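Below you'll find the structure, written out as structure tokens, and then a few comments.
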Amino acid sequence: MIPDKPPKEDVFHGSEDLKKEAHISSFEKYKELYLKSIENPDEFWGDIAKDFFWKTKHTGQFLDYNFDVTKGEIFVKCMEGASTNICYNVLDRNVHERKLGDKVAFYWEGNEPGDELTVTYRELLQRVCQFANVLKSQGVKKGDRVSIYMPMVVELVVAMLACVRIGAVHSIVFAGFSAESLCERIMDSQCSLLITADGFYRGDKLINLKLLADEALQKCRDKGFPVKRCIMLKHLSKEAEQTLGSPPAKRSCPDLQQEKQTGRVKKTRPVPQVPWNPDVDLCWHTLVCGESDECEPEWCESEDPLFVLYTSGSTGKPKGVLHTISGYMLYTATTFKLVFDYQPDDVYWCTADIGWITGHSYITYGPLANGATSVLFEGLPTYPDVSRMWEIVDKYHVTKFYTAPTAIRLLMKYGSEPVQKYKRESLKVLGTVGEPINPEAWQWYYTVVGEKRCPIVDTFWQTETGGHVLTPLPAATPMKPGSATFPFFGVVPAILNESGEELEGPNEGYLVFKQPWPGVMRTVQGNHQRFETTYFKKFPGYYVTGDGCRRDKDGYFWITGRIDDMLNVSGHLLSTAEVESALVEHEVVAEAAVVGRPHPVKGESLYCFVTLTDGVTFSRALETDLKKQGKIMRRVLRKIACDERDMGDISTLADSSVVEELFQNRCSTAV
């Protein structure tokens, strides 16, 4: 599976300086450890587990599982018999045992430049304990479900860690989702309490979060599921001097100030008028005032639930992916340490939102488990200008930077000048997440942002996998632009054909995994049958990712896109990702998305959406040129391609007005 030697042509290598300090400094060392993780997983993961605190030790084998639906119920169990608390491991252990209390846990950077906050591990532990006591005072206990609907503020991390400290299960809902989406998730995960904020700014756009939360709670009541308590953080109104990031307001919680001021740039902005229901609503700042900053952790079994996070299903109904404590903790901590080659003096920045799995694993749990210092960013990469990200990199001396190909392509539109305004000398490793990165964007990221000295870790994983499963390692695995490279430790991939036969050598087919790793999901919330049907029924004995994959002659894995994004045009199976990659190779195309639409002769035809670089106007000549040449919401784009106006929930779009613009400018015929 892993080649004896790495290829020597058409690949990129990390710098020699990086190799000197790297945890895994050679391909040979990677292969040695990988084989150990497969042949003797108990010893491999057991050694890693020694770095964590266990109230009780595990008994029996490290991982027990069944992936074959024909042999009984699907299950994965890790470290049965062990008990621990993940909050204790990421905070108390760092403060008391590793003496990192004064180390910065988060540099919080607000939407407005100059709106900032520094939080140490000791301060974070104190705030988490305070809010854990608040939750206990509201009757929240071990096993209860708590919904969190908040912007990217430090209190979001406080809320999630307070839940796990007392053994409660958090269900975080991305703050860009609609009231209907929030209601659906609250009800499906049976949440007894909601934590939200008054609102936040996304660039210049005001999001009245409390209004959306109230609408969701009313929908829950209308459907016979009343949520008795809602705790609201005053973020925009800046209340409560002793609460992280929130200086005091002069009025009671529902009465908000009418302007927002920031340090470097002062703006008078509307603050949402917050509806207040005294029978349900509680003020975060009032509740934490006077609470003790000590709270004993609740010791939990290894396979107790940690959180539920919803991911889209092909039928449109979201799946509540459930992760458990010990395996997820070990896997996120290990992948963070090795994939980003974490060193104690690093400043790490993942630009994702905590409402997604990337934020769970690689903003909160993975970095904190390693005692890392992270940047927590509330804003947008283009606000107030397109240099914002590189300004932040220089401001905090960021060494490890992790973002999405979508953001890279967006910034590519504006050329290299906004990047080169800033030095970026601190950068050592660059990462990508969310979708396969096209080679042109990879080259721009490598050459312009990293100045050809920073290796790129192009990570493939899913909400379901909990952490990276296919990824380069910075100093150990030579990089090919656009390839997810090789499997992480403990992960055994295979490529199957339609008949379920494993394909050897260079080939293309369904990407599956043959055995579990500690961080893989355990079930779908409230619907284990859906879990088995979605991931294990098609090919018994394998976890089915739903992605297509190609393995090249050197053994490198290339993700070709979701299987349901493969198009059959005149009998030819085409990958939408590969067509998109071909389109963005054109010098005036910044981003492309390709979907299928019915065709009376060909069965399906391609319908291509392209975003042009600044200053370029679309023309028929360009259209002809693109026809020759070659994680966007495909559900929405398919509707537009077929001229169907019933869009469903489009609340996740950054700018929903673009939908109407696309309808007005759609072609009458396909490419």
Side-chain angles (χ1 to χ4, degrees), residues 42 45-64 75-98 100-101 105 121-122 124-146 148 157-172 189 191-193 291-308 322-334 360-361 364-366 368-371 466 518-519 521-523:
D42 285 28
W45 293 108
D47 288 344
I48 291 171
K50 292 174 184 176
D51 289 336
F52 295 84
F53 176 82
W54 307 96
K55 189 68 173 177
T56 59
K57 305 294 184 183
H58 82 281
T59 55
Q61 63 191 94
F62 189 90
L63 272 173
D64 190 16
F75 71 90
V76 178
K77 296 177 181 178
C78 178
M79 297 187 71
E80 275 201 300
S83 62
T84 190
N85 183 284
I86 195 167
C87 180
Y88 183 91
N89 274 286
V90 304
L91 293 182
D92 304 63
R93 185 175 60 100
N94 283 322
V95 172
H96 301 305
E97 296 176 24
R98 302 176 68 191
L100 299 179
Y121 272 87
R122 181 175 290 105
L124 187 57
L125 174 58
Q126 291 168 344
R127 303 306 178 186
V128 167
C129 287
Q130 277 189 314
F131 197 67
N133 287 326
V134 166
L135 293 177
K136 289 166 70 174
S137 74
Q138 297 303 313
V140 179
K141 58 187 184 302
K142 182 179 179 180
D144 287 349
R145 310 297 173 92
V146 175
I148 303 175
V157 178
V158 169
M160 63 196 299
L161 292 179
C163 287
V164 301
R165 190 168 191 86
I166 64 173
V169 180
H170 60 71
S171 174
I172 299 178
S189 54
C191 292
S192 60
L193 182 142
E291 280 288 359
S292 170
D293 60 8
E294 294 184 358
C295 177
E296 281 297 309
E298 181 75 31
W299 302 111
C300 302
E301 299 298 315
S302 275
E303 286 299 316
D304 282 348
L306 174 62
F307 64 80
V308 176
L322 187 143
H323 283 284
T324 55
I325 293 170
S326 295
Y328 177 84
M329 176 177 71
L330 292 179
Y331 200 71
T332 54
T334 307
H360 281 57
S361 297
T364 302
Y365 291 110
L368 291 178
N370 282 276
M521 72 182 291
R522 299 305 196 252
T523 190

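Residues take their numbers from the sequence shown, with the count starting at 1. These numbers come from the heavy atoms of this one structure, side chains and all, not from hydrogens, waters or symmetry mates. Please read these numbers as outputs of a predicted model, since none were measured by experiment.
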Looking only at atom types and distance, does a side-chain atom of [X] sit under 3.5 Å from a main-chain N or O of [Y], one as donor and one as acceptor?
X: N133; Y: S292; result: yes
X: D144; Y: A168; result: no
X: N85; Y: C300; result: no
X: D42; Y: F62; result: yes
X: N370; Y: A333; result: yes
X: W54; Y: A49; result: yes

- Result for side-chain contact (heavy atoms from CB on, under 4.5 Å) between I172 and one of I148, T364, V308 points to I148
- L91, V90, D293, V164 screened by side-chain contact (heavy atoms from CB on, under 4.5 Å) with V128, the one that passes: L91
If you take all heavy atoms of [X] and [Y], which pair is closest and at what distance?
X: Q61; Y: H58; value: O-CD2, 4.2 Å
X: G371; Y: L100; value: CA-CD1, 4.0 Å
X: K142; Y: W299; value: NZ-O, 3.5 Å
X: A132; Y: I166; value: CB-CG2, 3.9 Å
X: L193; Y: V140; value: CD1-CG2, 4.1 Å
X: A369; Y: R93; value: O-NH2, 2.9 Å

Distance, nearest 0.5 Å, that separates [atom1] of [X] from [atom2] of [Y]:
X: M160; Y: F131; atom1: CE; atom2: CZ; value: 13.0 Å
X: L135; Y: S192; atom1: CG; atom2: OG; value: 9.0 Å
X: S302; Y: M329; atom1: OG; atom2: CE; value: 7.5 Å
X: D304; Y: I325; atom1: CG; atom2: CD1; value: 5.0 Å
X: K57; Y: K55; atom1: NZ; atom2: NZ; value: 11.5 Å
X: H323; Y: T523; atom1: NE2; atom2: OG1; value: 11.5 Å

- Item | Residues in side chain to side chain donor-acceptor pair (under 3.5 Å) contact with S83, at least two apart in sequence or another chain | T56
With a 4.5 Å cut-off on side-chain heavy atoms, are [Y] and [X] touching?
X: S137; Y: E291; answer: yes
X: C295; Y: K136; answer: yes
X: H360; Y: Y328; answer: yes

- Using a strict 4.0 Å threshold on nitrogen-to-oxygen distance, state whether D92 and R165 make a salt bridge.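 Yes.
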- Message: Checking L368 against L161 for the side-chain contact (heavy atoms from CB on, under 4.5 Å) test, could you report, in this order, the C-alpha distance in whole Å, the side-chain angles of both residues, the deciding distance, and whether it holds?
- Response: CA-CA 11 Å; L368 291 178; L161 292 179; 3.8 Å; yes
- Task: Return the orientation label for the Y365 and H170 ring planes: parallel under 30°, perpendicular over 60°, tilted otherwise.
- Result: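 Aromatic pair Y365/H170 classed parallel.
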- Task: Please test M79 against T84 for side-chain contact (heavy atoms from CB on, under 4.5 Å), starting from the C-alpha separation and ending with a verdict.
- Result: CA-CA 11 Å; M79 297 187 71; T84 190; over 6 Å; no
- Message: Using a 6.0 Å cut-off, check whether atom NZ of K141 has over 12 heavy atoms from anything other than its own residue.
- Response: no
- For R522 and C78, run side-chain contact (heavy atoms from CB on, under 4.5 Å): C-alpha distance rounded to whole Å, both residues' side-chain angles, the deciding distance at 0.1 Å, then the answer. CA-CA 10 Å; R522 299 305 196 252; C78 178; 3.4 Å; yes
- Could you walk me through whether H96 and L125 pass the side-chain contact (heavy atoms from CB on, under 4.5 Å) test, one step at a time? CA-CA 11 Å; H96 301 305; L125 174 58; 4.0 Å; yes
